[in-house]
Amino acid sequence: MSRYWSPIVNQLSPYVPGEQPRLDNLTKLNTNENPYAPSPRVIEAINGAVNEGLRLYPDPTSISLRQTVADYYGLTAEQVFVGNGSDEVLAHAFFAFFQQSRPLLFPDITYSFYPVYCRLYGIDYRTIPLDDAFAIALDPYTQVNGGIIFPNPNAPTGCLLSLERIEWLLQRNRDSVVVIDEAYIDFGGDSALTLVDLYPNLLVTQTLSKSRALAGLRIGLAMGNEALIEGLVRVKDSFNSYPIDRIAAVAATASFADEDYFSKVCRQIIESREQLSADLKRLGFEVLPSAANFLFVHHPRRDAVEIAAKLREQGVIVRHFRQPRIDGYLRITVGTPQQSGRLIEVLETLRLPN
Ligand SMILES: *Cc1c(COP(=O)(O)O)cnc(C)c1O
């Protein structure tokens with residue numbers, strides 16, 4: 001608290017990201033980063049962009065990157081928005097679409113940034129409980145609302161909704177914007193991008209932080225009807241006209257050009273996920289079905305906080321959320337096979353009751 005703050009700053013409860021410890025030799029499985037390097041072509045493109053051109057501002061419209069993304073997904077550049085990480089894209093979407101007289105709807109267990117944006121912008125919201133299997137039950141989302149948002153697959157559960165279910169919702173919700181946050185869609189889900197031409201109120205957000213291994217560069221995307229994109233641009237240009245720097249723009253473009261590398265990395269992570277899931281089940285964990293690059297797990301006879309603490313003592317970092325309903329769960333990022341091996345090795349020394 002400070003008397004110099006604007007009054008609303010006292011009301012904020014900021015998002016707390018997973019820790020980024022400075023220690024070496026950690027098995028870092030707590031923030032869903034990609035365990036593999038970005039494509040070598042991305043590194044080359046970055047090196048090529050480090051030159052005297054940096055004295056100039058970047059293109060405020062990021063048209064070259066937007067056209068690349070549009071071509072990749074079969075859209076037009078006018079249907080693509082880019083921002084400084086999808087967190088920024090989401091913040092603009094909350095500002096642009098969800099400040100309504102009716103409440104925004106999202107799941108009780110979901111990306112914990114959503115309520116943070118609501119408090120920042122004074123958005124009224126209502127949370128809808130996940131069903132008993134921790135899946136998103138869509139029926140309650142047909143109530144009157146000022147907007148709908150959820151990740152698909154959901155975070156931190158990893159549970160995926162089919163495209164049919166998403167279209168089911170879109171057919172019943174025509175009057176407010178539906179944002180599908182596809183931060184993890186490349187790890188096995190079907191993107192709702194195929195629906196953006198049919199539903200003018202659908203906005204799909206994605207990030208280059210996870211499947212494309214560029215968390216350090218901060219690049220996020222939103223795709224949807226031109227009018228939605230124009231709304232986002234109006235907010236962006238009232239906030240920061242140059243969210244994507246020159247280096248990020250060329251790196252992102254290069255990433256979309258190297259499909260072989262991208263699909264190889266995604267396939268490897270999916271394979272490692274299935275292996276890790278089987279290994280954790282063997283140790284007595286309940287593992288939710290995941291279509292993401294993380295697993296959400298629960299041990300019926302051992303405290304989650306205690307397991308996380310013991311792992312940490314051995315240099316393995318996983319994420320625990322101190323939150324009702326999921327207090328007994330851990331979210332574990334899928335790393336390399338070596339990292340999974342290290343995790344399992346340490347868990348075995350804990351002698352978990354089977
Ligand atoms: C990681 C994540 C984001 C944010 O991604 P950035 O592009 O790195 O800001 C958004 N939504 C969900 C559900 C995420 O897990």
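FYI, the numbering just counts along the sequence from 1. For ligands, and for the atoms within them, numbers begin at 1 and follow the listed sequence. What you see is a predicted model; the values in this text were computed from it and never measured. Atom set for the values below is all heavy atoms of this structure, side chains included, hydrogens, waters and symmetry mates excluded.
- In summary, of the residues considered (Val204, Leu202, Thr205, Val89), a side-chain contact (heavy atoms from CB on, under 4.5 Å) with Val179 occurs for Thr205 alone.
- Cation-pi geometry between Arg212 and Phe256 is satisfied (NZ or CZ under 6.0 Å from the ring centre, within 45° of the ring normal).
- Applying the 4.5 Å side-chain rule to ILVMFWY residues, one finds that Leu56 remains a lone member of its cluster.
- Hydrophobic cluster membership is shared by Tyr125 and Tyr15, with clusters built from Ile, Leu, Val, Met, Phe, Trp and Tyr side chains linked at under 4.5 angstrom.
- A donor and an acceptor atom, one from each side chain of Lys28 and Gln20, are located under 3.5 Å apart.
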List of N/O pairs, ligand 1 versus protein, all under 3.5 Å?
{"residue": "ligand 1", "atom": "5 (O)", "partner": "Ser86", "partner atom": "OG", "Å": "3.0"}
{"residue": "ligand 1", "atom": "7 (O)", "partner": "Ser86", "partner atom": "N", "Å": "2.6"}
{"residue": "ligand 1", "atom": "7 (O)", "partner": "Ser86", "partner atom": "OG", "Å": "3.1"}
{"residue": "ligand 1", "atom": "7 (O)", "partner": "Thr207", "partner atom": "OG1", "Å": "2.5"}
{"residue": "ligand 1", "atom": "7 (O)", "partner": "Ser209", "partner atom": "OG", "Å": "3.4"}
{"residue": "ligand 1", "atom": "8 (O)", "partner": "Ser209", "partner atom": "OG", "Å": "2.6"}
{"residue": "ligand 1", "atom": "8 (O)", "partner": "Arg218", "partner atom": "NH1", "Å": "2.8"}
{"residue": "ligand 1", "atom": "8 (O)", "partner": "Arg218", "partner atom": "NH2", "Å": "3.4"}
{"residue": "ligand 1", "atom": "9 (O)", "partner": "Ser86", "partner atom": "N", "Å": "3.2"}
{"residue": "ligand 1", "atom": "9 (O)", "partner": "Asp87", "partner atom": "N", "Å": "3.0"}
{"residue": "ligand 1", "atom": "9 (O)", "partner": "Asp87", "partner atom": "OD2", "Å": "3.3"}
{"residue": "ligand 1", "atom": "9 (O)", "partner": "Arg218", "partner atom": "NH2", "Å": "2.8"}
{"residue": "ligand 1", "atom": "11 (N)", "partner": "Asp181", "partner atom": "OD1", "Å": "3.3"}
{"residue": "ligand 1", "atom": "11 (N)", "partner": "Asp181", "partner atom": "OD2", "Å": "2.7"}
{"residue": "ligand 1", "atom": "15 (O)", "partner": "Tyr184", "partner atom": "OH", "Å": "2.5"}
{"residue": "ligand 1", "atom": "15 (O)", "partner": "Lys210", "partner atom": "NZ", "Å": "3.0"}

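- Looking at Tyr199 and Glu167, their side chains do bring a donor and an acceptor atom within 3.5 Å of each other.
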